[in-house]
Q: 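Just passing along the structure, written as structure tokens.
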Amino acid sequence: MELLPNSRTESDGSAVIRVLSYNIRSLRDDTAALARVISACAPDLVLVQEAPRFFRWRKKLARLAAACGQVVLTGGATAAGPAVLCSLRAVVDRTEDVLLPLTSGLHRRGLATAVVRFGGARLGVISCHLSLQQAERQEQGGMLLERLAALGTEHAVVGGDLNERPDGRTFRRLASTLQDCRTAAPWGDEFTSTPTDPHQRIDALFATPGIEVLGCGVPLDQPGVRAADLRAATDHLPVLAALRVPATDLN
């Protein structure tokens, strides 16, 4: 399998970046295996779902980030689970954690959002984990798109555990507005659930139309990513994309 391009900044200010979306199940599994997988993918951004939310959650998330050569950008318990990690290549404009409306009897959901720069490219970022309940999930999909527009960036990436396959209403709504990166440029494997029996794609990365998707999928054959680590790390498989983000016109 052809490898994804490495991160770089072009002479025109545009940036090639690697973005990873990963449900880490509150670090309840093999954190060393998880760190090895993330490190091998060499991401500029890690869009995390199910980050630790309880006792010493900040320290746990910071330890994972450090083990992967990343820093914690935003999220965790303050976003009800989603978080964003980034490499030192990223220059941070701003961050905001957003709690979505609580439905009685259901788990609280939220969004971890940020605006970052790579070279001359400015990028909005959202990590999400949508509801298991269909009606609530549809509402959250709409709120996600509203929040994305409110970031005020021409270019943006969204990643998360959608708890829905590509033929679902919420997935299709997102894909009608944004590029489903896997569909735009298939690379690697498709299914993200479960690591021991991959049979469905419920995790995804989306990008605004002006971004060029260079490849997206589950990095099973990425150098340094071992099948045993993928099985041990958590109960989802990660989604890795390489994106070319145009330079932002500041005029």
Side-chain angles (χ1 to χ4, degrees), residues 2 4-21 43-47 82 84 86 89-91 93-96 98 111-130 137-162 164-188 190 192 201-218 238-251:
E2 184 177 349
L4 291 180
N6 293 325
S7 303
R8 62 181 184 272
T9 302
E10 307 285 14
S11 59
D12 63 356
S14 64
V16 173
I17 65 170
R18 287 186 173 201
V19 182
L20 188 73
S21 183
D44 298 288
L45 294 166
V46 185
L47 280 51
V84 180
C86 67
R89 185 180 175 221
V91 176
D93 275 9
R94 66 180 189 271
T95 66
E96 183 178 5
V98 179
L111 307 172
T113 80
V115 176
V116 298
R117 295 176 185 267
F118 297 94
R122 186 167 180 261
L123 185 70
V125 183
I126 297 182
S127 177
C128 66
H129 188 184
L130 302 187
R137 185 166 62 245
Q138 292 171 13
E139 292 179 1
Q140 290 171 352
M143 288 183 280
L144 189 160
L145 291 174
E146 291 172 0
R147 180 60 57 169
L148 184 65
L151 290 178
T153 60
E154 180 181 1
H155 307 298
V157 61
V158 174
D161 177 354
L162 302 187
E164 186 172 275
R165 298 176 182 179
D167 59 354
R169 288 183 61 184
T170 304
F171 200 121
R172 287 187 285 112
R173 181 177 183 184
L174 297 177
S176 69
T177 301
L178 306 169
Q179 298 182 79
D180 173 7
C181 294
R182 169 69 192 181
T183 299
W187 171 89
E190 178 179 6
T192 63
R201 180 161 76 100
I202 61 173
D203 305 84
L205 283 164
F206 297 91
T208 47
I211 292 174
E212 181 184 0
V213 183
L214 304 175
C216 179
V218 176
V239 182
L240 177 65
L243 309 173
R244 180 177 283 111
V245 184
T248 300
D249 185 0
L250 298 179
N251 295 327

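Computed from a predicted model, the values in this text were never measured in an experiment. For this chain, numbers begin at 1 and follow the sequence in order.
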Q: Taking the side chain as everything from C-beta on, heavy atoms only, tell me whether L145 gets closer than 4.5 Å to L174.
A: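 Answer yes - side chains close enough.
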
Q: Only one of V157, L243, L205, D180 clears side-chain contact (heavy atoms from CB on, under 4.5 Å) with V213; which?
A: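 Filter result, single survivor: L243.
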
Q: Just wondering, do T192 and D161 contact through their side chains at under 4.5 Å, heavy atoms?
A: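 Side-chain contact under 4.5 Å: no.
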
Q: Can you confirm whether F118 sits close enough to R89 that some side-chain heavy atom of one is under 4.5 Å from a side-chain heavy atom of the other?
A: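 Of all side-chain heavy-atom pairs linking R89 with F118, at least one is under 4.5 Å.
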
Q: Is there side-chain contact between S7 and V16, with at least one heavy-atom pair below 4.5 Å?
A: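 They are not in side-chain contact.
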
Q: I'd like to know if the side chain of R201 and the backbone of R182 have a donor-acceptor N/O pair within less than 3.5 Å.
A: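 The answer is no, because no donor-acceptor pair under 3.5 Å joins these two groups.
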
Q: Are side-chain heavy atoms of T153 and D93 found at a separation under 4.5 Å?
A: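 Answer no - side chains too far apart.
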
Q: What I'd like to find out is whether the side chain of L20 reaches to under 4.5 Å of the side chain of V239, using heavy atoms alone.
A: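 No - every pair of side-chain heavy atoms lies 4.5 Å or more apart.
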
Q: Are F206 and L148 close enough that some pair of their side-chain heavy atoms sits under 4.5 Å apart?
A: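 Heavy-atom side-chain distance check fails, nothing below 4.5 Å.
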
Q: Apply side-chain hydrogen bond (donor to acceptor under 3.5 Å, both in side chains) to R172 and list each qualifying residue two or more places apart in sequence or on a separate chain.
A: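 By the side-chain hydrogen bond (donor to acceptor under 3.5 Å, both in side chains) rule, R172 matches no residue at all.
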
Q: Looking only at non-hydrogen atoms, find the nearest pair between V158 and L47 and report the distance.
A: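 Closest pair (atom of V158, atom of L47, distance): C-CD2, 4.0 Å.
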
Q: What's the shortest heavy-atom distance between S21 and G159, and which atoms?
A: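 Scanning both residues, the minimum pair turns out to be OG-C, 3.6 Å.
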
Q: Taking the side chain as everything from C-beta on, heavy atoms only, tell me whether I202 gets closer than 4.5 Å to R165.
A: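 They are in contact (side-chain heavy atoms under 4.5 Å apart), so the answer is yes.
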
Q: Is a donor from one side chain sitting under 3.5 angstrom from an acceptor on the other, for R117 and T248?
A: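 No, because no side-chain N or O of R117 sits under 3.5 Å from a partner of the opposite role on T248.
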
Q: Quick one: which residue pairs count as a salt bridge (charged side-chain N to carboxylate O under 4.0 Å, His left out) with a foot in residues 137-148, not counting sequence neighbours?
A: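 Qualifying pairs: E96-R147, R137-E164.
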
